[in-house]
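Following: one structure in structure tokens, then a few remarks.
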Amino acid sequence: MSSLAHQRCFNHFQRESVARCPDCGRYFCRECITEHDDRVICAACLARIARAPLLRRRALADLGRAAACLLGVVVVWFFFYLVGAALLAIPTSFHEGVLWQSTPD
Ligand SMILES: [Zn+2]
Ligand SMILES: [Zn+2]
């Protein structure tokens, strides 16, 4: 670990590194490294870790929206299917005007 002092920060070439990111293995200066879950990690890896669950949540939301859209299509299709079935169930005589014809005589 004595070589640590001779390493330079990945972001600041003029600064000596104080820690090594366990995630990406790069060396960073005090300003570039942060503590996260009781371990030091670089800002880039921290951002990656913080963003990962958010992406998964967004993907899940997209999936939910797609499912809701599909469900809506099915519901609309079923509604029109019922309307069609109801129209078919109406006797033909209803469409031939006998019901609303004025008195025959
Ligand atoms: Zn890192
Ligand atoms: Zn730095």
Side-chain angles (χ1 to χ4, degrees):
M1 288 305 270
S2 59
S3 64
L4 187 68
H6 302 291
Q7 291 290 336
R8 298 285 161 171
C9 171
F10 182 73
N11 294 325
H12 307 93
F13 186 71
Q14 74 279 12
R15 293 188 195 172
E16 281 188 356
S17 66
V18 294
R20 185 169 179 255
C21 175
D23 237 65
C24 58
R26 290 170 188 150
Y27 294 91
F28 291 96
C29 72
R30 197 178 299 277
E31 201 179 292
C32 296
I33 206 108
T34 49
E35 220 171 295
H36 178 75
D37 284 347
D38 291 330
R39 63 179 187 153
V40 287
I41 195 164
C42 75
C45 288
L46 183 66
R48 188 157 44 83
I49 285 169
R51 202 167 48 228
L54 197 77
L55 276 175
R56 218 172 302 142
R57 220 176 304 143
R58 202 179 307 151
L60 207 70
D62 280 350
L63 201 71
R65 210 173 307 134
C69 195
L70 197 71
L71 190 73
V73 168
V74 169
V75 164
V76 166
W77 173 84
F78 189 65
F79 174 74
F80 281 108
Y81 172 80
L82 281 182
V83 168
L87 283 175
L88 281 175
I90 294 170
T92 317
S93 57
F94 181 80
H95 297 289
E96 278 166 1
V98 289
L99 285 183
W100 55 79
Q101 254 174 5
S102 50
T103 43
D105 317 287

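In each ligand, atom 1 is the first atom listed, and ligand 1 is the first ligand listed. Nothing fancy with the numbering, it's 1 onward along the sequence.
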Query raised in the report: What is the minimum heavy-atom distance between I33 and R20, and which atoms define it?
Result: CD1-C, 4.4 Å

Query raised in the report: Between P22 and V40, which heavy-atom pair has the shortest distance, and what is it?
Result: CD-O, 2.9 Å

Report task. Using the Zn ion (ligand 2) as the apex, give the angle to atoms SG (C32) and SG (C9), rounded to 10 degrees. Result -> 110°

Query raised in the report: Is it true that a side-chain atom of S17 and a backbone atom of C29 form a donor plus acceptor pair closer than 3.5 Å?
Result: no

Query - Angle subtended at the Zn ion (ligand 1) by SG of C24 and SG of C21, nearest 10° - result: 110°

Report summary line: Minimal heavy-atom distance between R8 and Q14, with the atoms involved, is NH1-O, 3.2 Å

**Report entry** Atom of H12 closest to the Zn ion (ligand 2), considering N, O or S atoms
**Finding:** ND1

